[in-house]
Engineer: 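Handing you this structure, nothing more for now.
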2 protein chains.
Amino acid sequence: MESRRVTLKDIAKSLGVSVNTVSRALTGKDSVGEDTRARIKAEAERLGYVPNSMARSLVLGSAMTLGLVITNPSNPFYARLISTIEQRGRVHGYSLMLLVTEESPDGDRAAAETLLRWGVDGALVVPVQGDGEHWDRLNESGVPLVCLNRDFPALDLDFIGVDYEHGAYEATRHLVDGGARTLCLLEEDLPISPVADRTTGFRRALTEAGIEAGTDPVRSVPTRRRESLALPWEPEDAYRLAQDIVRGGDLPDAIMVGNDYFALGVYRALTEAGLRVPEDVLVGGFGDHPFAAYLNPPLTTVRLPAADIGTTAVDLLLQRMKGRDDHDATEKRRLPTELVVRDSSRTGKSTMT
Amino acid sequence: MESRRVTLKDIAKSLGVSVNTVSRALTGKDSVGEDTRARIKAEAERLGYVPNSMARSLVLGSAMTLGLVITNPSNPFYARLISTIEQRGRVHGYSLMLLVTEESPDGDRAAAETLLRWGVDGALVVPVQGDGEHWDRLNESGVPLVCLNRDFPALDLDFIGVDYEHGAYEATRHLVDGGARTLCLLEEDLPISPVADRTTGFRRALTEAGIEAGTDPVRSVPTRRRESLALPWEPEDAYRLAQDIVRGGDLPDAIMVGNDYFALGVYRALTEAGLRVPEDVLVGGFGDHPFAAYLNPPLTTVRLPAADIGTTAVDLLLQRMKGRDDHDATEKRRLPTELVVRDSSRTGKSTMT
DNA sequence: TTGAAAGCGCTAACAC
DNA sequence: GTGTTAGCGCTTTCAA
């Protein structure tokens, strides 16, 4: 142990051949005698040779590495993304460099810088919203880049996300069809495109149904940022807001939330007030997290195409990496969601009798 | 865009100085005139110079990278680990290379190989259980390595994990104190040390309480592996097993589970059979996942020191990386858990009246 | 203080 | 087929 790493030179010296012959023999080039190749392979094996990826990358000009920038791995949706992307990249021979930004703009900028320094061949990023200039620059400077889940409408960057707008529309409509006339939506308090999209879809469904609320039915959940923003979403803040709503007196027929964790808080607030789901209030979630089907009552929610997004994004990225000259128009795709109806929205009454 | 990356040589040429003066000026070495340094810095800025980490690492012999090998990022406990480790490493200037193994022995071996090729300065790994030989070899060949969460008792490797044994003991004892006389434990069907440790703790508590079960009270949840093992744990398999138990007739007073997701399945099976928690059956979980406190009833569970494990492991790793010669004995630490008592185990009756 | 030369480990171009 | 030379971008000797 602790012995210096074996290099091509060591093998070459030990066998009395040139370094370069060893290189060709080991990388499978055909300009090598069968016997020589065999001897070299054997010796490499004997010495325990392991190729040095760094050196290789340096001379080849390709890091054989993808960068993945995530705001919060504890978000189950992003966790799925991480798995999928790592796997898909690995299949194509790429290693993954992971950077966590925790919704920090500085972290976001630093991440772009780090990726540039390492010269990753491409990057997949869930950007911290706000100023995306640095991502645009990274892209311009030759590192292909695909944004995940959060779009910068103003920037000409590839984007693979979720069709939150339609998902929210569909779910809201479902609640309306179930008889709800007064609805509200509890949303994350981040200035990101998914929130904007869900809000739009929600409002559109209301408008179509001819429902006009006096006060704004979209409520932002005031999230208390703790030690670290990377904490799993907490149902607690939504719980508090839901309590306010319940106590406020103007109890809505249905409550829609931006993510399933919020639904947990809503459930509790309602239960504590002696209200029942779905008899008194319908509830619709977003994300179809693993616990959703096992709540009491099981939660109606919008399932996100997590795996699809991961593979689609990697494939698009690989394509961009290949054809770095042909400037295809940037692609902005929103993959479809799936409404999963469960008991939290099932009711006897319906406007569609 | 698409222009070749700016190098030290470019700056040197542009300014008529030597490459290495530029290097020293930019890396802050003091053997450079103040004026020269200023000019160089300005020119670097103007040209948009970005250091090439690969080249730097190659010559420095240090990748400035840590490897993290995880079986399944969708496990919330591991997700926390990822966040913590990435952050802690970054603070010390290290980038993170992430590898996902999905409980595949081949993937596990491949991961070790990849880390070796990249020459990471150290590795943190949640090993796929079974044969850990390759991790031992990686360690022997000069890459410091700390195992996370899962120990190889037979191998002389550093290990930072959870004191599952005591955690399970404490939780079980709590259930016994609550009046339970017949208990069972639903466990993951993986041959990993956490399962073994929890089982040991559970059994010890029973023995101490003088409880002897006829049939083995430890039940392995037959997990159906789907498309990918990286799926979030599914409550479904535990649900099925719990159904069997309920229908079997020998209903236990209390059910303990190896992770909170299993508790979701248990809750449902009990509810569907018209049984109430905690009145008819006490339930204890493991993990204190974000939803645990919001179930109905709130779940008594064992909280894991996720963040602690991450930081402790990184710190130990950094220490190993520093003192690569002084062969301190390997460290195997199990950090303490915390029993979080909630309503799922609260009952009037108690043996401790 | 600065420059020239050497080398990290590897691959590519060109000779032979 | 095989060896020689050159170079990826950077840092570290060692002279000047």
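Sequence lines set the chain letters: A, B, ... in the order given, protein chains first and strands last, and positions in each chain run from 1.
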Engineer: For the residue pair T27(A) and R56(A), establish whether any side-chain heavy-atom pair is separated by less than 4.5 Å.
Structural biologist: yes
Engineer: Can you find a side chain N or O atom of S18(A) that sits less than 4.0 Å from OP1 or OP2 on dG3(D)?
Structural biologist: yes
Engineer: Among the nucleotides dC10(C), dT11(D), dT2(C), which one has an atom lying closest to any side-chain atom of S31(B)?
Structural biologist: dT2(C)
Engineer: Applying a 4.0 Å non-hydrogen cut-off, can you work out what G33(A) is touching in the nucleic acid: base, sugar-phosphate, or nothing?
Structural biologist: sugar-phosphate
Engineer: dT1(C) P sits how many Å from R39(B) CZ, rounded?
Structural biologist: 16 Å
Engineer: Compile the donor-acceptor pairs under 3.5 Å between side chains in residues 123-133 of chain A and protein atoms, sequence neighbours left out, one pair per line.
Structural biologist:
| unit_1 | atom_1 | unit_2 | atom_2 | d |
| --- | --- | --- | --- | --- |
| Q129(A) | NE2 | D151(A) | O | 2.8 |
| D131(A) | OD1 | E133(A) | N | 3.0 |

Engineer: Closer than 4.0 Å, any side-chain N/O of K9(A) to the OP1 or OP2 of dG7(C)?
Structural biologist: no
Engineer: Could you tell me whether S57(A) contacts a base, only the sugar-phosphate backbone, or nothing, with contacts defined as non-hydrogen atoms closer than 4.0 Å?
Structural biologist: nothing
Engineer: Between C1' on dA6(C) and CG on L58(B), what's the gap in Å once rounded to a whole number?
Structural biologist: 14 Å
Engineer: Whole angstrom is fine here: how far is it from CE in M64(A) over to P in dT11(C)?
Structural biologist: 13 Å
Engineer: Considering heavy-atom distances to DNA chain C, does V32(B) or L60(B) have its closest nucleotide positioned more toward the 5' end?
Structural biologist: V32(B)
Engineer: Measure from the side-chain heavy atoms of N20(A) and tell me the nearest of dA12(C), dG1(D), dG9(C).
Structural biologist: dA12(C)
Engineer: Does a side-chain N or O from S23(B) land closer than 4.0 Å to OP1 or OP2 of dC10(D), or not?
Structural biologist: no
Engineer: In whole Å, I'd like the distance from the CE atom of M54(B) to the C1' atom of dG9(D).
Structural biologist: 12 Å
Engineer: Roughly, in whole Å, what's the span from CG in L8(A) to P in dT2(D)?
Structural biologist: 16 Å
Engineer: K13(A) NZ to dG9(C) C1': how many Å, rounded?
Structural biologist: 13 Å
Engineer: Can any side-chain N or O of R5(A) pair as donor or acceptor with the backbone N or O of G142(B) at less than 3.5 Å?
Structural biologist: no
Engineer: Atom CH2 of W118(B) to atom C1' of dG9(C): distance rounded to whole Å?
Structural biologist: 13 Å
Engineer: Can you spot which of D158(A), D156(A), N139(A) makes a side-chain hydrogen bond (donor to acceptor under 3.5 Å, both in side chains) with T330(A)?
Structural biologist: D156(A)
Engineer: For T7(A), report the nucleic acid contact type (base, sugar-phosphate, nothing); a contact means any heavy atom under 4.0 Å.
Structural biologist: sugar-phosphate
Engineer: Does the side chain of K29(B) get closer than 4.0 angstrom to OP1 or OP2 of dT1(C) through an N or O atom?
Structural biologist: no
Engineer: Could you state the CG-P distance from N52(B) to dT11(D), rounded to the nearest angstrom?
Structural biologist: 10 Å
Engineer: Reckon R24(A) has a side-chain N or O less than 4.0 Å from the OP1 or OP2 of dT11(C)?
Structural biologist: no
Engineer: Main chain of K29(A), side chain of R37(A): is a donor-acceptor contact present, judged purely on distance under 3.5 Å?
Structural biologist: yes
